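Written out below as structure tokens is the structure these notes cover.
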Amino acid sequence: MENSIFQVNLSGILKVLSDSLYSSWEVFIRELLQNANDAITARSLKESFKPVIEIDFFETGTSRVLQIKDNGIGLTADEMTEFLSKIGSSSKRNTSDMFDREQQSFIGQFGIGLLSCFMVSEKIEVESTAWNSTSTMRWIGNTDGTYAIEPTDYNGYTGTKVRLAIKKDIALTSDKLTFLLHKYGDYLPVPIKYSYNAGSEITFQKEFPWLTRSTGSEALMLGNRVFGERFSHYFPIQDSKGQTQGLAYVLPHRTHTTSVSKHVLYVKRMFISDSCGDILPDWAFFVRAILNSDNLSTTASREDIYHNEILEEVRESLGISIKKYLKRLGDSDPEAMQEIIVTHAQALKSLALEDDDFFAFIKNWFIFPTTQGDLSLKQIQQQSSSILFVSDLDEFRQIAPIARANNQLVINAGYIYDTPILLKLQERDHTGKTRQINPEYFGNILNDIDIEIYDLIRKRIDVLQAILIEFDVELDIKAFSPEHVPAMLHMSQDAIQKRDFKSIRDESDSLWAGVSDAILDFDPGFRAKLFLNYKNEIVKKLLYTEASKKIDPYIQMLYFNALMMGHYPLSGKELDRMNENIMILLNTNL
Ligand SMILES: Nc1ncnc2c1ncn2[C@@H]1O[C@H](COP(=O)(O)OP(=O)(O)OP(=O)(O)O)[C@@H](O)[C@H]1O
């Protein structure tokens with residue numbers, strides 16, 4: 001059986017390209033610029049010359065003609081047949097070696113880019129004089145899949161001119177063209193000269209700010225313009241080989257770890273995407289980057305990058321670059337570093353919980369509210385021999401004055417992520433310095449009273465304890481500062497939970513109470529611990545007042561007061577009793 005050659009239905013291919021590959025017809029500008037740029041690169045590998053891309057747009061009545069001319073390597077008649085007339089054939093992929101240096105210097109590789117011109121024009125006209133040749137050839141390709149090649153008069157220069165008559169339904173204006181030339185051509189290594197209706201020329205050529213000695217404000221302005229933000233911090237980043245380089249801008253507002261990161265990416269100085277999310281590690285959600293890469297490859301649509309090992313390496317080393325910067329910033333400008341940490345605290349903490357390396361790197365910068373104000377972990381370590389934390393906000397409020405008076409630094413880890421962060425630290429801290437404060441420890445930082453004194457008041461303590469038993473409170477006596485605090489209540493998380501269940505049970509009907517008792521295996525024992533302060537005058541009065549005096553309302557009020565100081569909600573029973581007591585106290589004292 002004889003083998004036949006595949007026939008290609010060009011209009012079918014064009015439909016696939018315009019419907020599925022390219023995001024819009026506008027990309028034909030990118031493909032033309034890229035071809036011109038690659039042709040210039042190919043010629044510069046052979047000789048030195050002054051490269052230029054010239055673009056002319058002629059608009060008369062309803063006719064619009066776009067002409068793009070380069071002084072690159074050009075095409076011979078054979079090359080026109082081979083590369084322009086065969087879909088998928090490319091002069092830039094002549095070896096199978098992906099690492100071929102010459103091959104790597106081109107942006108194009110797939111041999112389909114030129115077809116994008118059929119989205120905007122019924123006909124593509126290419127006139128070219130190949131390098132070292134004095135004959136000019138013309139190639140005309142049509143959307144019906146036909147093409148023709150013919151010699152034409154020698155035009156006197158080496159290079160290629162592509163001519164397109166723009167279709168009526170394509171909204172290409174001079175302004176739109178200017179915008180697209182800026183978008184795709186600003187940073188190409190070759191100057192682009194643009195002229196409308198043979199008028200004066202505009203030149204497009206810019207340099208990436210990280211490659212110039214531009215001032216910081218220029219770099220900031222670029223970031224602000226590109227991302228529509230008001231950045232105040234930016235820094236250069238690059239991969240380990242220096243082949244992907246750019247600037248990272250720190251977002252000046254909070255963002256969620258799961259928010260989609262959108263970075264601007266150029267490949268070989270050609271704009272690829274302004275919504276590239278994969279180029280930086282996920283944890284770098286708090287920066288936006290503008291990057292140019294010479295080592296990443298684009299997909300055929302040239303609107304995304306290949307997800308391959310090189311991308312993995314680049315992403316990882318850009319991550320290292322960001323970490324290095326933050327480390328340096330931490331040393332050279334701690335205030336700026338703290339500003340970043342404070343703005344992105346929650347997101348950074350949640351990330352540190354998932355990523356051990358990041359945790360190790362960032363932990364010392366985390367800021368926690370403490371009894372001495374907001375302090376970074378580093379400052380806490382400098383000021384205190386231990387890292388003590390309380391997981392509950394109310395518990396913290398209650399102990400803060402005592403801890404302060406006792407010169408004890410305690411972290412309020414009641415805010416989201418703080419307890420898990422500190423528990424992770426505790427897990428990794430083998431010195432035992434990092435500790436979540438539990439009831440035992442809490443009792444220990446308060447001073448015991450002399451045993452002789454305790455013997456004197458033991459009986460009274462028993463009486464007071466008996467009064468409080470109905471509220472499931474365990475009583476203890478300590479001496480602590482400040483003296484004006486008469487009592488302090490400590491409730492563990494467990495105790496708070498049980499207390500909540502208890503109040504539900506007390507307020508619910510008997511059937512539910514029976515069920516909840518059974519489910520919860522309800523423990524009628526002590527739930528909270530009330531520390532009376534022996535240094536406090538009211539407490540002393542209560543301890544030494546004559547045995548006959550009715551002291552129930554006083555000790556109960558100290559308990560209710562401690563509850564309120566700790567921001568614990570009072571149960572219905574406690575509230576009723578407090579109101580009764582207020583009446584009793586008012587009555588006896590008026
Ligand atoms: N301005 C030009 N000067 C010289 N040769 C050109 C020019 N434009 C196109 N060519 C030739 O035509 C071939 C096909 O171009 P086309 O844009 O379709 O694909 P490509 O650039 O090779 O790859 P890609 O599809 O990735 O863009 C190129 O490989 C090149 O040989």
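Model, not experiment: these values are computed from the prediction. Remember, it's 1-based here, ligands and their atoms both numbered in the order they're listed. Note that these values count all heavy atoms, side chains included, but never hydrogens, waters or copies made by symmetry.
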cation_pi(Arg43, Phe49) dist<6.0 Å, angle<=45:
yes
If we count only N and O atoms by modelled type, under 3.5 Å, do the side chains of Asn292 and Thr244 hold a donor and an acceptor together?
no
Verify the distance criterion only: is there a donor paired with an acceptor across the side chains of Glu303 and Ser23 at less than 3.5 Å?
yes
When you look for heavy atoms under 4.0 Å from ligand 1, do you find them on the side chain of Asp38, its backbone, both, or neither?
neither
Just jot down the ligand 1 atoms closer than 4.0 angstrom to any heavy atom of Ser90, in number order.
20 (P), 22 (O), 29 (O)
Approximate separation, where rounding is to 0.5 Å, of Phe58 CZ and Leu66 CG
9.5 Å
Geometric class of the Phe368/Phe366 ring pair [parallel <30°, tilted 30-60°, perpendicular >60°]:
perpendicular
Per atom 8 (N) of ligand 1, closest listed option by heavy atom (Asn35, Ile87, Ile53)
Asn35
Atom 12 (O) of ligand 1: which of Asn37, Leu33, Leu84 has the nearest heavy atom?
Leu84
Sequence neighbours excluded and cut-off under 3.5 Å, please list the side-chain donor-acceptor pairs for residues 319-332, or say none.
| unit_1 | atom_1 | unit_2 | atom_2 | d |
| --- | --- | --- | --- | --- |
| Ser321 | OG | Gln238 | N | 3.2 |
| Ser332 | OG | Arg328 | O | 3.1 |

Atoms of ligand 1 close to Glu31 [distance to a heavy atom under 4.0 angstrom, numbered from 1]
27 (O)
Should the pair Lys424 and Phe359 be classed as cation-pi, given the thresholds of under 6.0 Å to the six-membered ring centre and 45° from the axis?
yes
shortest atom 29 (O) of ligand 1-to-protein heavy-atom contact is with Ser91 N, 3.0 Å
Any N or O on Gly108 sitting closer than 3.5 Å to an N or O of ligand 1?
no
Say whether, by atom type as modelled, one donor and one acceptor occur between the side chain of Glu31 and the main chain of Phe28 under 3.5 angstrom.
no
For the residue pair Tyr194 / Ser174, report whether a side-chain donor-acceptor contact shorter than 3.5 Å exists.
yes
What atoms of ligand 1 come closer than 4.0 angstrom to any heavy atom of Gln34?
21 (O), 27 (O)
Contact region, Ala39 to ligand 1, non-hydrogen atoms below 4.0 Å, reads side chain
Does even one non-hydrogen atom of Arg302 get within less than 4.0 Å of ligand 1?
yes
Quick one: look at Leu75 and ligand 1, take heavy-atom pairs under 4.0 Å, and tell me if it's side chain, backbone, both or neither.
side chain
Can you list the ligand 1 atoms lying under 4.0 Å from a non-hydrogen atom of Gly113?
16 (P), 17 (O), 18 (O), 19 (O), 24 (P), 25 (O), 27 (O)
Name the closest protein heavy atom to atom 23 (O) of ligand 1, giving the residue it belongs to and the distance to 0.1 Å.
Gly111 N, 2.8 Å
Arg269 charged N/C atom sitting above Tyr184 aromatic ring, 6.0 Å / 45°
no
Before signing off on this row, confirm whether Leu114 and ligand 1 have an N or O atom pair separated by under 3.5 Å.
yes
In the protein, which heavy atom is nearest to atom 1 (N) of ligand 1, and how far is it?
Asp70 OD2, 2.9 Å
Atom 21 (O) of ligand 1: which protein heavy atom is closest, and how many Å away?
Lys92 NZ, 2.5 Å
Return yes or no for this condition: an N or O of Leu115 is under 3.5 Å from an N or O of ligand 1.
no
Evaluate the ring planes of Phe231 and Tyr249, with Trp represented by its six-membered ring, and classify them as parallel (under 30°), tilted (30 to 60°) or perpendicular (over 60°).
tilted
In this structure, atom 14 (C) of ligand 1 is nearest to the protein heavy atom Phe83 O, 3.6 Å
